[in-house]
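Reviewing the structure listed below.
A, B, ... follow the sequence lines: proteins, then strands. Residue 1 opens every chain.
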Amino acid sequence: MEIITAVKGFKDILAPETDTWRHIETTALDVFRTFGFSEIRVPLVEKTELFRRGIGESTDIVEKEMYTFIDRGDESLTLRPEATASVIRAYLEHGLPTAESITKLFTIGPMFRRERPQKGRYRQFHQIDVEVLGPDAPQIDAELILMLMHFLGRLGCEQLSLQINSLGCAQCRPVFREAVVRYLSAGKDGLCPDCLRRLDTNPLRVFDCKVEQCGEVIANAPLLLGFLCPPCADHFTKLQACLNLFSVPFRVNPKMVRGLDYYTRTAFEVTTQSSGAQNAILGGGRYDHLVRDLGGPDVSGIGFAIGIERLAALMPEGKTYGAPGPRLFIAALGDRAVESGFTLCNRLRIQGIPVEIDYAGRSLKSQMKRADKMQSSFALIVGDREIEENSALLRNMHTGTQDKVALDDVDAIITILAR
RNA sequence: GUGGGUGUAGCUCAACUGGUCAGAGUGCCGGGUUGUGGCCCCGGAGGCUGUGGGUUCAAGUCCCAUCACUCACCCCA
């Protein structure tokens with residue numbers, strides 16, 4: 001009979017990778033708490049309408065990447081392709097806008113997009129999502145970025161590049177957009193087919209086209225920074241000043257445009273050289289109208305999402321985050337020894353000591369091999385001889401020395417193990 | 001959705017132009033004098049060479065199809 005395999009683009013994560021993930025998550029929890037964030041857990045499934053309104057009807061995500069299904073024959077539900085919309089939905093549903101003036105939330109979990117899988121890109125992938133709802137002071141943007149760079153530093157990730165840009169607001173962006181369309185339409189002949197399409201759908205995206213020819217056309221295109229209205233320009237300047245205050249290295253990339261429609265003003269991205277084509281490990285930005293568009297009050301928000309798969313791939317080589325081997329391995333010879341080994345083993349575990357034992361009745365030699373392979377600190381050898389006198393041999397696996405101990409004197413054993 | 005690459009033991013990979021080619025390393029299990037790990041030595045289990053067709057006297061090796069995995073485009077974390 002054939003085994004059933006996992007669905008395309010859906011991955012199992014086993015140790016030692018799970019250990020790395022756990023380390024990433026606990027570090028995030030620690031850092032984010034320090035910066036005043038609390039965790040929120042939101043459902044994996046939402047009404048489809050939430051994402052249509054939140055992410056934007058014309059985005060690729062909504063157009064062709066969502067896992068959408070009809071529940072009970074009438075309601076359209078969707079596996080979340082991102083977390084921001086869900087977090088804001090919860091924020092509104094629980095009355096948080098009026099309960100507090102600023103809300104700082106993070107959530108960690110799987111997202112689902114039905115794209116063709118490739119390196120660093122899966123149909124179920126995982127994100128650490130962080131959102132600040134309420135005020136729109138540039139200091140908020142700055143400390144959010146400061147926090148995430150600090151987080152990445154804590155993990156020991158190197159060779160990362162932070163890029164920031166301002167996408168303007170409802171006042172200044174349309175003017176810029178028009179200028180870009182005008183400029184690109186004039187230089188149409190030099191654009192690739194994809195960009196010609198973008199010209200209609202999302203002209204700003206022409207900026208990050210990888211085709212060389214398009215790059216030449218874009219080289220002299222008008223830049224958004226030149227079109228920023230005074231409030232937006234001021235916001236962006238202050239953000240940079242704050243980042244400089246903490247010596248956060250960043251590069252202003254006026255050609256960086258984020259994929260999602262809802263971003264306004266600050267947008268940022270952290271990329272890496274390694275990791276293949278999917279080099280963005282994190283992206284985020286401010287959104288001035290998303291909360292309102294989802295039926296809430298007119299408050300601003302800013303957030304970012306880190307791709308855990310992509311981040312995990314950048315973790316320092318050679319470091320392991322798994323549990324060390326057991327403190328003790330019990331090598332039991334014979335039925336009676338196995339019986340008392342079972343008792344002792346689980347007594348010690350309940351005392352909080354990691355202990356392993358082999359019930360298979362193998363030779364002492366193979367049990368010792370196993371103890372060694374598991375990197376156990378000690379081995380306890382119990383055979384008929386020892387059982388007769390209620391004793392056991394406690395062997396230090398590093399030094400090779402061993403002492404006779406009383407088999408039922410759990411305290412004495414613990415004392416030696418603790419050394 | 002489009003294009004490229006790859007499919008041989010649990011894992012990493014061999015097998016020249018089709019002809020003992022079904023292998024190695026590693027891992028797993030066991031053994032190397034009585035009940036003692038790491039190094040070393042020996043042995044064992046484990047694969048209808050992804051699947052289905054075709055060409056041929058003969059196919060892991062060539063052709064077609066299919067599935068899976070993978071990389072890239074689109075897009076994005």
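Between A/Q118 and B/C73 there is a side-chain N or O to OP1 or OP2 distance below 4.0 Å. Between B/C69 and A/K8, a contact under 4.0 Å exists linking OP1 or OP2 to a side-chain N or O. For B/U70, one of the phosphate oxygens OP1 or OP2 lies less than 4.0 angstrom from a side-chain nitrogen or oxygen of A/K11. Within the 4.0 Å cut-off from OP1 or OP2 of B/A72, not a single side-chain nitrogen or oxygen of A/R116 is found.
The partner of B/G1 is B/C73, by the rule that a Watson-Crick or G-U pair needs both atom distances under 3.5 Å. Nucleotide B/G43 is matched to B/C29 when pairs are restricted to Watson-Crick or G-U wobble geometry with both distances under 3.5 angstrom. Base pairing analysis places B/C16 opposite nothing; no Watson-Crick or G-U wobble pair with both distances below 3.5 Å involves it. Pairing partner, B/U6: B/A68, with both Watson-Crick or wobble hydrogen-bond distances short of 3.5 Å. B/C62 and B/G54 make up a base pair, with Watson-Crick or G-U wobble contacts both under 3.5 Å.
Residue A/A371 is out of contact with every strand shown, counting any heavy-atom pair closer than 4.0 Å. Within the nucleic acid shown, A/S366 comes within 4.0 Å of sugar-phosphate atoms alone, with no base atom in reach, counting heavy atoms only. Residue A/F112 is out of contact with every strand shown, counting any heavy-atom pair closer than 4.0 Å. The residue A/S363 sits close only to the backbone: its heavy atoms come under 4.0 Å of sugar-phosphate atoms, none of a base. Using a 4.0 Å heavy-atom criterion, one finds that A/Q402 contacts the bases of the nucleic acid, with or without backbone contacts as well.
Atom-to-atom, CZ of A/F268 to P of B/A77 comes out at 11 Å; the value is rounded to the nearest Å. Atom pair A/K119:NZ and B/U6:C1' shows a separation of 16 Å (rounding to whole Å applied). In this structure, A/R310 places its CZ atom 8 Å from P of B/A77, rounding to the nearest Å. For A/R121 and B/G1, the CZ to C1' distance is 12 Å, given to the nearest whole Å. Rounded to whole Å, the distance from CZ on A/F51 to P on B/C75 is 22 Å. What separates CD of A/E115 from P of B/C71 is a distance of 14 Å, to the nearest Å. Spacing between atom CZ of A/F10 and atom C1' of B/A68 amounts to 16 Å, rounded to whole angstrom units. A straight line from CG of A/N279 to P of B/C71 spans 15 Å, rounded to a whole angstrom.
In this pair, A/H126 and A/W21 present their aromatic rings perpendicular. The plane angle is above 60°, beyond the 30 to 60° band. Between A/Y67 and A/F10, the ring planes are perpendicular. Angles over 60° get that label, and only those under 30° would be called parallel.
For the P atom pair drawn from B/A14 and B/A58, the interatomic distance equals 29 Å after rounding to whole Å. Taking the C1' atoms as reference points, B/G60 lies 10 Å from B/G18, given to the whole Å. On the P atoms, B/A9 is 10 Å away from B/U51, given to the nearest whole Å. B/G38 and B/U26 have their P atoms separated by 15 Å, given to the nearest Å. Annotation: B/G44 and B/G1 have their P atoms spaced 49 Å apart (nearest Å). Atom C1' of B/G31 sits at a distance of 16 Å from the matching atom of B/G37, rounded to the whole Å. Here, B/G27 and B/C63 have their C1' atoms 38 Å apart, quoted to the whole Å. Between the P atoms of B/C39 and B/G46, the separation comes to 26 Å (whole Å).
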Sort me out a list of protein N/O and nucleotides 33-35 of chain B N/O pairs below 3.5 Å, or just none if empty.
{"residue": "B/G35", "atom": "N7", "partner": "A/R385", "partner atom": "NH1", "Å": "3.1"}
{"residue": "B/G35", "atom": "O6", "partner": "A/R385", "partner atom": "N", "Å": "3.1"}
{"residue": "B/G35", "atom": "O6", "partner": "A/R385", "partner atom": "NE", "Å": "3.1"}
{"residue": "B/G35", "atom": "O6", "partner": "A/E386", "partner atom": "OE1", "Å": "3.3"}
{"residue": "B/G35", "atom": "N1", "partner": "A/E386", "partner atom": "OE1", "Å": "2.7"}
{"residue": "B/G35", "atom": "N1", "partner": "A/E386", "partner atom": "OE2", "Å": "2.9"}
{"residue": "B/G35", "atom": "N2", "partner": "A/E386", "partner atom": "OE2", "Å": "3.2"}

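Side-chain contact check for A/E131 versus A/F106: every heavy-atom pair is 4.5 Å or farther apart. Side-chain contact between A/R113 and A/L79 is absent, with no heavy-atom pair separated by less than 4.5 Å.
Set against B/U36, B/G38, B/C75, the side chain of A/D372 has B/G38 as its closest nucleotide.
Salt-bridge check for A/E46 with A/R80: failed, with every basic side-chain N at 4.0 Å or more from each acidic carboxylate O. With respect to the salt-bridge test (charged N to carboxylate O, under 4.0 angstrom), the residues A/R336 and A/D384 do not qualify.
Between the side chains of A/Q118 and A/R121, a donor-acceptor pair is found at a separation under 3.5 Å. Between the side chains of A/S376 and A/E356, no donor N or O sits under 3.5 Å from an acceptor N or O.
Heavy-atom nearest nucleotides on RNA chain B were determined for A/D60 and for A/G400, and the one closer to the 5' end corresponds to A/G400. In terms of position along RNA chain B, the nucleotide closest to A/K369 lies nearer the 5' end than the nucleotide closest to the other residue of the pair A/R123 and A/K369.
Judged by the 6.0 Å distance and 45° axis criteria, A/K104 is positioned over the aromatic ring of A/F37.
Side chain A/R370 to base B/C29: no donor-acceptor pair is found below 3.5 Å. Residue side chain A/R395 reaches the base of B/G37 through a donor-acceptor N/O pair under 3.5 Å, judged by distance alone.
Contacts of A/R292 classified as salt bridge (charged side-chain N to carboxylate O under 4.0 Å, His left out), with partners at least two apart in sequence or in another chain: none.
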